Amino acid sequence: MTTHSEDSATGTPTDSPAGTPAAPPPDAGGFSNDASSNTLGEAFKAYVDRIRGGDMGALPAVLGLVVLFIVFSVLRPDTFTSNLNIANLFVQASAISVLAMGLIPVLLLGDIDLSAGVTGGMAAGFAAVSIDRHGQSWPVAVIIGLAVGALVGLVIGTLVAKLGIPAFVVTLAFFLGLQGVTLKLIGLGGTIPVRDDFLRGITIKSMPVTMGWIVVIVLLAIYGGLLFWRQRQLAAKDLHRPPNSLLLVKFAALCVILLGMTAVLSQNRSRVPTFVIQGIPYAVFLVGALLIFWSFVFGRTPYGRHMYAIGGNTEAARRAGISVDRLRISAFVIASSMAATSGIISASYTGKVSPASGAGNALLYAVGAAVIGGTSLFGGKGLIRDGVIGGLVIATIDNGLGLLNQAAYINYIITGSVLLLAASVDAISRRRRSATGT
Amino acid sequence: MSEPLFELRGVDKSFGAVQVLHGVDFKVYPGQVTALVGDNGAGKSTLVKTMAGIYRADAGEFLFEGKPVHINGPKDSAALGIEVVYQDLALCDNLDIVQNMFLGRETVTGGVLLDELTMEDRARSTLTSLSVRTVKSVRQSVASLSGGQRQTVAIAKAVLWNSRVVLLDEPTAALGVAQTRQVLDLVRRLADQGLGVVLISHNMVDVLEVSDRITALFLGRVAADIKASDTNHSQIVELITAGRSGDIGIPAATAAKSA
């Protein structure tokens, strides 16, 4: 227990220039790294160290997105970068992102839900049937779809948590079984059309341009306000916090991305001169709302904290009085309900539900999205936003390959390889993390 | 000698046909470290788990501050302020120090929001009150801590909740020399703050150095409850292995019966 140099480490901010390795002496009093002395340069250095230690976060996804955009822009300059295609890409990504966001709670626990895709297809099937055959209104249809999803999640979760069957097996059984249910519901070779204006509108209609700008700017203002208000609170109590400059850079980057996206989507993307299509598709706002809601739940509530704890050390969580079984069931309920939402978005986009809805590579896309975004398949690590960032990467691959007019087999091989690559990055970074202990 | 803070009288515990504890009397005094020693299978862990409410005693009395109490589950013992630091630590590697210390008992504002400000503040002041100075940041993930630091966090977690009695199950078993030193210092400081500390250990040097009283178990019976200053290394070893040493310990006839 050393007590020397205590005074120099607490309170007095060190004005070391950016980039200098101004690491405090290892025994410089308590909590020296919590002091406010971090500069932008030091924060950057710490970030590089984290990446070297295997904690890459969303970096691979962001880099991948940049590379994919460059490659496809070069290969298909006239079509890929057109405003119409960019808007399409966002809508395509929304269904994948919602499915992936829903999977993240399950992945956080170290489980998997292989049935989420077909659950979404089946839930959308029930919603579409209730409108098409029983004349229900869209809110009733949506509630039915979500309820079907939640019920499936409840059953899966109970089987996994209470009976102790591995999630892999339970959800594989559901993957097969639920396809049968959808087939019975819709009929062999049949499709249920989705004509409801509201449901179709989720993906094919856009918010008026002025309104879109207002919503985006207001959201950014609120987020920025909260960010800096919190920073002031932390500073007032002298608690651990990022340097102000880093916060500014991050917030500025977010503003540039969101405002840039709004600017692109606000341009007329119609190919017919007499008809104007502009504005942010409603599906993008739906994804944004779900992203904000679940990020709040998993980042700022005890419930979310407990989910991470179970993923990190189930026994510790149990001893801390957390009811592990109930939380595990809830994770599957979230996954299946989000899958239902995703299924409805897909149905809105394609205008129909068929027995094959959600059965193909939907689930694989979503798992790939979550993992590419930085969520670990080993549990305990991941953020809700990973699903959105990864969803954009997967949608870009899907969209770009579609424009290249490749044979279908190539798309399968490439998408499979991307998933494998992402899982390898996850496994390697996990090994590095356990080696360096970060 | 002051009044015991927590006292067990005549506790029996059987698992099926096997009786593990035979009329165990055990006292924990405030401001003292009571070492619980005994060979493998002597009943140390069973006794700790009985005190923690994980096992229910078949017979016997529990007294807390002289008043009889009932411990029927972990919640009862937690309500009395009895905290256990288990050998395998029970920390989540993916969470930071503050998150681990408050796990399952998070402070919230507005009903749902985690109150990170208050939690970080309290975690920091608890660590400071225990003179923990080796941790660089309370927002550091537990995975990046050394074995001694992890043990420190686990102990600090137990202290955070105004606990009165802390049971430490082999806190130094997996630690190096310097880290053992840190943890033993911490154990001593806990007692100096007025807590009743129970230390289970196989290391007689540690036990003699840090504890005030030593209770030796032999095949489920208390062989001796003696002041640490009145005994020595070889006498404890004898009590652990044979149940008696000179004129103290279990009479040979009783020891043979339970063997």
Side-chain angles (χ1 to χ4, degrees), chain A residues 1-3 6 9 23-35 38 50 53 55 108 230 233-234 236-242 296-297 299-306 308-323 376 378-382 433-434 436-438, chain B residues 52 54 74-75 78 84-86 88-121 123-124 127-128 130-146 154 157 181-182 185-186 189:
Chain A
M1 294 302 132
T2 50
T3 47
E6 222 184 291
D27 54 353
F31 326 126
S32 53
N33 280 12
D34 284 346
N38 289 3
R50 266 218 319 277
D55 184 7
L108 277 182
R230 185 179 173 75
Q233 275 194 315
L234 288 169
K237 287 195 164 191
D238 198 27
L239 298 179
H240 180 73
R241 61 194 179 278
F296 172 81
V297 168
R300 298 266 174 263
T301 69
Y303 170 80
R305 178 68 42 84
H306 295 170
Y308 282 94
I310 296 172
N313 184 344
T314 310
E315 191 49 37
R318 189 171 284 123
R319 284 183 193 172
I322 296 167
S323 55
S376 173
F378 301 98
K381 181 177 163 286
R433 276 203 306 280
S434 58
T436 53
T438 46
Chain B
I54 294 170
K75 286 200 172 135
V84 190
V85 179
Y86 292 100
D88 46 357
L89 295 177
L91 296 177
C92 294
D93 274 351
N94 58 335
L95 301 184
D96 66 32
I97 293 173
V98 179
Q99 293 169 344
N100 263 295
M101 286 176 69
F102 280 84
L103 189 61
R105 296 187 264 201
E106 289 83 0
T107 316
V108 288
T109 53
V112 288
L113 251 170
L114 288 168
D115 186 357
E116 301 283 1
L117 298 172
T118 307
M119 286 194 278
E120 187 173 329
D121 218 24
R124 193 180 300 230
L127 288 168
T128 311
L130 295 171
S131 307
V132 174
R133 297 225 149 270
T134 56
V135 176
K136 272 196 203 162
S137 164
V138 291
R139 287 297 182 185
Q140 180 173 5
S141 88
V142 164
S144 66
L145 299 179
S146 71
K157 180 182 175 181
R181 177 83 265 132
Q182 281 173 22
D185 286 344
L186 180 56
R189 277 197 299 275

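Note that this is a predicted model, so its numbers are computed, not measured. Quick note on labels: first sequence line is chain A, next is B, and so on, each numbered from 1.
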Answer key: most heavy-atom pairs under 4.5 Å with chain B among A:G321, A:G299, A:P302 is A:P302
Gap separating the NZ atom of A:K237 from the CG atom of B:L117, nearest 0.5 angstrom:
5.5 Å
So what's closer than 4.5 Å to chain B heavy atoms on A:F296: side chain, backbone, both or neither?
side chain
Would you mind checking which part of B:L95 comes under 4.5 Å of any heavy atom in chain A, side chain (CB onward), backbone (N, CA, C, O), both or neither?
side chain
For A:R230, is it the side chain, the backbone, both or neither that has a heavy atom under 4.5 Å from a heavy atom of chain B?
side chain
Test side chain to side chain contact (heavy atoms under 4.5 Å, CB included) on A:L239 and B:R124 and set out the steps.
CA-CA 9 Å; A:L239 298 179; B:R124 193 180 300 230; 4.0 Å; yes
Spatial distance of atom OG1 (B:T109) from atom CZ (A:R300) [nearest 0.5 Å]
10.5 Å
Output the option from A:I310, A:N313, A:I322 having the highest count of non-hydrogen pairs under 4.5 Å with chain B.
A:N313
Backbone of A:H240 reached by a side-chain donor or acceptor of B:E120 within 3.5 Å
yes
Nearest 0.5 Å, what's the OG1-CG distance between A:T301 and B:L114?
6.0 Å
Using a cut-off of under 4.5 Å on heavy-atom pairs, state which of B:V108, B:D121, B:D93 scores highest against chain A.
B:D121
Contact summary for A:A309 and B:C92, nearest pair of heavy atoms:
O-SG, 3.3 Å
